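Have a look at the structure that comes next, please.
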Amino acid sequence: MSKPYIYITRKLPEEVIAPLFEIADVGMWEKEEDPVPRDILKKEASRATALYTMLTEDIDKELFDLAENLKVVANLAVGYDNIDIDYATKKGVYVCNTPDVLSDTTADLVFALLMATARRVTEGAEYIKQGKWKHWSPLLMVGHDIHHKTIGIVGMGRIGEKVALRATGFEMDILYHNRRRNIEVEEGIGASFTSFDELLSTSDFIVCMAPLTSETENMFDNRAFQLMKSSAIFINAARGGVVNEEALFSALKNKEIAGAGLDVFKDEPISADHPLLAFKNVLALPHIGSATIETRYKMMELVTRNILNVLKGDSPETIVNDELLN
Ligand code: DGY
């Protein structure tokens, strides 16, 4: 019987993928930074039993139809909006993601963005490097307090909970909005469930952690930004598509909000001349929420284990379309 074939869509460290070679033939895209071109992905998918994918690839109907032997798509991300889940389920293909292992790391980055935006950290650093600092002065680079303010978290999943936990250290009032109430976070750390509109109009920091779905796409639109306080800071570390970027641009231009910290964008990479990047009060990062050496290794190892489990006939550790397990 021929061995299964696993295709990995980015060059990854050898030690992480070594276990895969024990049970399968393995192909891997040769570049670390550039995504695999679509035509190569299509060719590889057509013979693959397992795909080890990144969030940069569209795993859509066309690809599933080509991939007749495919048993599992294991994505190196907790988000899976790049994969047509319904179609995968229809085709009986497991879709796996990397929840939990990245929650603390991503919540740390949310706070880094929040603090840096509120306290103008990168702006201040640039100010010095450009030789602009002449004297200490009472209102130089004044920002906004974080402690004792109100944080509003939209999307109270695993990462949202970790953000809320960090907010307790700053003695913040914690509001959240989610599809379902999260009693643990209410009873455990005193977060209060509110409507989306109430959260927007009363929070000092609005943190978007909602996954991108047909319901959440563009949920931060003109109306949403207009409801925010003019002193509010908006943070997005979920997916760019949840925000209407033109609406965010006009909110910043018209000073309807005080700033934004963004780790994700509708189109990634965002171009250096994108109008949003021209604002001093926008801090933008290149989608690095889970990017620590420890966490990226945990994520890669989890993807490897998920593929191994499926190819050995066991259940994956973390599956998105778990209806296939019944
Ligand atoms: C995810 O996991 O979905 C992040 O966006 C990348 O770590």
Side-chain angles (χ1 to χ4, degrees), residues 8-13 16-17 29 32-36 51-60 72-85 88 94-114 153-163 166 178-179 207-217 219-220 234-243 245 260-270 283-307 316-321:
I8 307 169
T9 64
R10 202 68 67 89
K11 188 171 190 300
L12 298 180
V16 170
I17 56 165
W29 173 235
E32 225 175 88
E33 284 195 14
D34 299 336
V36 60
L51 284 175
Y52 188 135
T53 55
M54 311 294 125
L55 53 79
T56 42
E57 282 100 45
D58 254 346
I59 311 296
D60 54 12
V72 56
V73 176
N75 211 31
L76 186 73
V78 66
Y80 43 81
D81 47 280
N82 58 316
I83 303 172
D84 188 333
I85 303 296
Y94 293 134
V95 177
C96 301
N97 64 340
T98 61
D100 296 318
V101 290
L102 48 62
S103 302
D104 279 306
T105 301
T106 309
D108 287 349
L109 195 274
V110 167
F111 253 84
L113 262 180
L114 187 154
I153 302 169
V154 178
M156 188 52 86
R158 298 175 180 91
I159 304 174
E161 285 178 20
K162 296 290 187 176
V163 173
R166 280 150 183 74
N178 199 40
R179 264 179 317 164
V207 175
C208 170
M209 289 314 315
L212 176 60
T213 64
S214 49
E215 283 106 67
T216 62
E217 189 167 12
M219 78 188 284
F220 289 93
F234 176 70
I235 306 293
N236 187 11
R239 284 292 182 270
V242 179
V243 177
E245 287 176 351
L262 309 169
D263 185 42
V264 288
F265 303 90
K266 190 160 181 298
D267 294 314
E268 296 182 358
I270 188 170
L283 173 54
L285 295 176
H287 201 152
I288 54 167
S290 62
T292 63
I293 191 75
E294 298 91 337
T295 291
R296 284 288 159 87
Y297 266 80
K298 283 184 200 149
M299 292 165 68
M300 291 187 285
E301 285 158 4
L302 176 56
V303 176
T304 297
R305 291 198 302 278
N306 277 332
I307 291 180
E317 280 179 41
T318 52
I319 180 165
V320 176
N321 48 357

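As the structure lists them, so they are numbered: ligands from 1, and atoms in each ligand from 1. As a basis for the values below, the full set of heavy atoms in this structure was taken, side chains included, without hydrogen atoms, waters or symmetry mates. These numbers come from a predicted model, not from an experiment.
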*Would V303 and T98 satisfy side-chain contact (heavy atoms from CB on, under 4.5 Å), going step by step from the backbone distance to the final call?*
CA-CA 7 Å; V303 176; T98 61; 3.6 Å; yes
*Might you list the protein residues in contact with ligand 1, defined as having a heavy atom under 4.0 Å from one of its atoms, sorted by chain and number?*
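If the criterion is a heavy atom under 4.0 Å, then ligand 1 touches L55, A77, V78, G79, L102, R239, H287, S290, R296, M299.
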*Which of these passes side-chain contact (heavy atoms from CB on, under 4.5 Å) with C208: V264, V110, V242?*
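Of V264, V110, V242, side-chain contact (heavy atoms from CB on, under 4.5 Å) with C208 is met by V242 alone.
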*Among pairs that include at least one residue of residues 289-305, which meet salt bridge (charged side-chain N to carboxylate O under 4.0 Å, His left out), considering only residues two or more places apart or in two chains?*
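Qualifying pairs: R305-E317.
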*Looking at CE of M209 and CD of E161, how far apart are the two atoms once the value is rounded to the nearest 0.5 Å?*
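One finds 12.0 Å between CE of M209 and CD of E161.
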*asked:* Return the CD to CG distance between E268 and L55, rounded to the nearest 0.5 Å.
replied: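 Reported to 0.5 Å precision, the distance equals 7.0 Å.
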_Whether the side chain of N97 engages the backbone of G79 through a donor-acceptor N/O pair (distance < 3.5 Å, no angle test) should be reported._
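Judged by distance alone, no pair lies under 3.5 Å.
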